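Written out below as structure tokens is the structure these notes cover.
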Amino acid sequence: MRRMEPLIRRTLGALLVACSVVAGNLVAEENPRDPYEGFNRSMFAVNEVVDKYAAKPVAQAYDSVAPLPVKAAVGNFFGNTGELWVGVNSALQGKFADAGIDIGRLLINSTIGIFGLFDVASELGLERHDEDFGQTLAVWGVGDGGFVFWPGLGPRTVRDTAGWGVDYAVDPVRFFDPTGVRDGAMIVRFVDIRASLLPSDKVVEEAALDKYAYIRDAYLQRRRNQIYDGRPPRQDDDY
Amino acid sequence: MHKMKKLIALAAVACLSLPAFAQQPPNDLVQQVTEEVLEIIRKDRDIQNGSTSKVIELVDKKVLPHFNFTRMTALAVGKDWRKATPPQQQQLAGEFKTLLVRTYANALTGYRNQKVVYKPFKMKPDETDVLVRTEVQQPGNKPIQLDYSLELKDGAWKVYDVTVAGISLVTNYRDQFGQEVRNGGIDGLVASIAAKNRSLEASQAKAEKK
């Protein structure tokens, strides 16, 4: 368990190396949004195997064992640990009213909501926002830099990878003490996130002609929607 | 003579109410169809136990009449749509419809404790293309944004795109379809969707026998 932190650091190092390899591979490909498609597809294949034999079975076990209130409390708790950073990002994007709501949510849920286990703020009508540093970079005008599929981390753009690095650096869960609690919390959070994706697994499996392309395009559309806070401008749908 | 007058009056009323009915506001239409379908699913044990054929029957009867599949397919195919001949377009729309119905009807069998919330809706009286926004709320998870694009065609509102969490179920196919067209032309695309449909049908038939 104590090896978790160096492991993540090593993974990050590997990602950086991979980054430079990818950058060196910049050959004109057919899809302008996916310049590293060859690399991405092989990483996707690796991830599929790891998911099938490790992440998904654990998530399925958690999903069937944990009763709904427990799952809700877990989701709420980790949502609450990220609330301050959501507020900071709202502010960095100039949405100060939203930032106020985010801080209000943090205060209410950390106290009345018992350490964030209950999302009382939502019931009071304070809506949860979905912000991270990658979205902030996008609002500041940073281009997405192309799509990348990372082993372990999954789909990102180059911009969102940088955003994720900052999100990770300030992640409160990393500062949980002792380290056993910290590592346990990180694992539970990962399993909870994976479990929340279980229902969409089957749909993707059935709907996609090419699973990699389906997931890539869904990721890019979803990110665009998040960056525009659920109201993206229409794209040209000429045909 | 009296009878005649009555008849004319009746006809006039019918004429007046017909366009009024046709122009049921698009948000009302979405809400009415959604609630109707969810009500049926709530009561139907077979569907809750994962009967694909039964839920497809339900979708066919209640949902599909409100969809414009030609427009949907054109949107999914993108620029290559104009390369397709009318019979090819018809084939494409048919196969695409089967694919969408199969995959997403299946998702409906997973419906349990969710609640659909309808967002406030405003439109100008002369608008013919609108977005109806809803949200699916589920305990312990973030609400999921679920939006419908509708257009007014021949006096009726028809859905031509569905967006889940910002992901269009239609345009998400554009790159995959483009790839198929590059590899095997329009006929190649039709063939690969048809093959996908057949394999889904086979695995669902197997699952249902169990």
Side-chain angles (χ1 to χ4, degrees), chain A residues 30-34 37 66-76 79 118-119 122 127-130 192-193 195-200 202-232 234-239, chain B residues 71 73-82 84 99-100 102-104 106-107 109-113 119 129 131 133 135 137-145 147 149 160-161 163-180 182 189 192-193 195-196 199-200 203-204:
Chain A
E30 271 183 290
N31 193 333
R33 296 184 305 163
D34 194 359
E37 188 167 348
L68 193 58
V70 171
K71 279 186 272 188
V74 168
N76 289 337
F118 299 94
D119 185 1
S122 283
E127 215 176 302
R128 186 169 172 174
H129 298 116
D130 184 2
D192 178 60
I193 292 172
S196 73
L197 296 172
L198 288 172
S200 44
K202 202 178 166 207
V203 173
V204 172
E205 206 70 61
E206 293 187 339
L209 293 183
D210 172 357
K211 194 175 172 190
Y212 165 78
Y214 195 92
I215 289 175
R216 174 195 63 205
D217 295 344
Y219 173 79
L220 292 173
Q221 283 202 55
R222 188 176 137 265
R223 274 312 269 178
R224 189 166 177 272
N225 188 59
Q226 287 175 319
I227 290 162
Y228 287 102
D229 295 326
R231 292 175 179 272
R234 269 186 110 134
Q235 279 173 315
D236 60 321
D237 22 280
D238 53 328
Y239 52 85
Chain B
R71 171 98 197 262
T73 314
L75 205 54
V77 175
K79 291 193 180 82
D80 293 323
W81 181 249
R82 269 175 297 170
L99 178 64
L100 282 184
R102 278 205 176 275
T103 50
Y104 295 104
N106 244 351
T109 60
Y111 172 82
R112 291 288 179 276
N113 305 305
K119 298 278 177 103
D129 192 330
L131 185 69
R133 304 166 63 88
E135 195 176 86
Q137 298 181 339
Q138 37 186 5
N141 272 317
K142 279 186 228 169
I144 299 168
Q145 187 187 334
D147 300 338
S149 298
Y160 68 88
D161 195 4
T163 314
V164 183
I167 305 163
S168 158
L169 304 185
V170 175
T171 61
N172 207 51
Y173 279 102
R174 200 172 275 180
D175 280 344
Q176 291 169 76
F177 284 5
Q179 193 61 48
E180 296 292 338
R182 273 195 295 282
L189 173 59
S192 59
I193 308 177
K196 176 89 192 171
S199 78
L200 283 178
S203 62
Q204 279 168 4

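Below, read A as the first sequence line, B as the second, and so on, with proteins coming before strands; counting in each chain starts at 1. Keep in mind the model is a prediction, meaning the values are calculated, not measured. Hydrogens, waters and symmetry mates play no part in the numbers below; they use all other heavy atoms, side chains included.
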Taking only residues two or more places apart in sequence, or in another chain, which ones meet Arg223(A) in a side-chain hydrogen bond (donor to acceptor under 3.5 Å, both in side chains)?
Asp132(A), Asp160(A), Gln226(A)
Run the ring-ring contact (aromatic ring centres under 6.0 Å, His included) test against Tyr214(A) and tell me which residues pass, sequence neighbours left out.
Tyr173(B)
Please look at Ser168(B) and chain A and tell me whether the side chain, the backbone, both or neither of the residue comes under 4.5 angstrom of a heavy atom of that chain.
both
Ordered numerically, the heavy-atom neighbours of chain B under 4.5 Å found in residues 204-213 of chain A are Glu205(A), Glu206(A), Ala207(A), Ala208(A), Leu209(A), Asp210(A), Ala213(A)
Below 4.5 Å from any heavy atom of chain B, which atoms of Arg216(A) appear? Answer side chain, backbone, both or neither.
side chain
Show your reasoning for whether salt bridge (Lys or Arg N to Asp or Glu O under 4.0 Å) applies to Arg234(A) and Asp129(B).
CA-CA 12 Å; Arg234(A) 269 186 110 134; Asp129(B) 192 330; 3.5 Å; yes
Distance from Asp147(B) atom CG to Arg231(A) atom CZ, nearest 0.5 Å?
8.5 Å
Non-hydrogen atoms of chain B under 4.5 Å away: do they reach the side chain of Arg128(A), the backbone, both or neither?
side chain
Please determine whether the number of non-hydrogen atoms from other residues, nucleotides or ligands lying under 6.0 Å from atom CD of Gln137(B) exceeds 12.
yes
Is there a side-chain contact between Asn31(A) and Asp175(B) in this structure, where contact means two heavy atoms from C-beta onward sitting under 4.5 Å apart?
yes
Looking only at heavy atoms and a cut-off of under 4.5 Å, which of Ser203(B), Ser199(B), Gly166(B) has the most pairs with chain A?
Gly166(B)
Taking side-chain contact (heavy atoms from CB on, under 4.5 Å) as the definition, give me every residue that meets it alongside Ala66(A), ordered by chain and number, with sequence neighbours left out.
Tyr62(A), Val70(A), Lys71(A)
Given Ser200(A), Pro69(A), Ser122(A), Ala218(A), the one with more heavy-atom pairs under 4.5 angstrom with chain B than any other is Ala218(A)
Identify which of Thr103(B), Ile193(B), Leu200(B) forms the greatest number of heavy-atom pairs closer than 4.5 Å to chain A.
Thr103(B)
